[in-house]
Colleague: 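If you scroll down you'll find the structure; I have some questions about it.
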Amino acid sequence: MRGAGWIRGLREAEARQLRSEIDRLERGLIEAANSKAKWNLHEVAHTLRWQKARLRRLEECLAAMPEGKRASDRS
């Protein structure tokens, strides 16, 4: 059975992945805003807002989780 530390590790990895995705979307938003084809701007902005809200909820979840031992701490 896996403990809270394992679950926390999964959530932290998910948060890192989301931050990376948000960075990519922010660059995409800037590119879409500067391009002549602005049709993609709305879609990128919507996805960016959705991912930021998801990250905010995930960070709230992580803040509420106990610090538990991680697999790397058990040697």
Side-chain angles (χ1 to χ4, degrees):
M1 187 165 145
R2 312 240 171 151
W6 179 76
I7 295 168
R8 184 176 181 85
L10 286 176
R11 297 298 174 247
E12 288 171 346
E14 185 179 354
R16 280 190 300 274
Q17 183 180 2
L18 271 174
R19 286 184 195 100
S20 176
E21 175 70 10
I22 287 170
D23 288 343
R24 186 188 66 75
L25 287 168
E26 286 175 340
R27 287 189 303 273
L29 186 64
I30 292 168
E31 290 171 8
N34 291 332
S35 75
K36 292 187 192 302
K38 300 213 186 254
W39 59 269
N40 198 27
L41 187 61
H42 177 73
E43 183 179 336
V44 172
H46 174 74
T47 305
L48 180 59
R49 281 191 303 272
W50 184 76
Q51 294 289 40
K52 282 186 174 183
R54 187 172 165 211
L55 178 60
R56 191 171 32 257
R57 287 189 307 271
L58 184 57
E59 287 173 339
E60 288 171 2
C61 176
L62 281 168
M65 287 179 118
E67 279 293 324
K69 287 187 174 183
R70 295 192 182 110
S72 61
D73 295 341
R74 298 180 198 135
S75 309

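Everything numeric in this text was worked out from a predicted model, so none of it was measured. Computed over heavy atoms, backbone and side chain alike; hydrogens, waters and symmetry mates excluded.
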Colleague: Mind checking the CG-CD spacing from L55 to E14? Nearest 0.5 Å is all I need.
Modeller: 9.5 Å
Colleague: Are V44 and I30 connected in the hydrophobic side-chain network, where two residues link if heavy atoms are under 4.5 Å apart?
Modeller: no
Colleague: Given E59, which of R19, R54, R11 fulfils the salt bridge (Lys or Arg N to Asp or Glu O under 4.0 Å) condition?
Modeller: R19
Colleague: Would you find more than 12 non-hydrogen atoms of other residues, nucleotides or ligands less than 6.0 Å from E26 atom CD?
Modeller: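 Count over threshold, so yes.
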Colleague: Salt bridge check: are R24 and E21 linked by an N-O gap of less than 4.0 Å?
Modeller: yes
Colleague: Could you measure the distance from the CG atom of N34 to the CG atom of L29? Nearest 0.5 Å is fine.
Modeller: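 The CG atom of N34 sits 9.5 Å away from the CG atom of L29.
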Colleague: Return the minimal non-hydrogen interatomic distance between L62 and A15, and the atom names on each side.
Modeller: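 Scanning both residues, the minimum pair turns out to be CD1-CB, 4.2 Å.
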Colleague: So, applying side chain to side chain contact (heavy atoms under 4.5 Å, CB included) with K52, which one of I22, T47, L25 is it?
Modeller: I22
Colleague: Walk me through it: do R8 and E12 pass the test salt bridge (Lys or Arg N to Asp or Glu O under 4.0 Å)?
Modeller: CA-CA 6 Å; R8 184 176 181 85; E12 288 171 346; 3.2 Å; yes
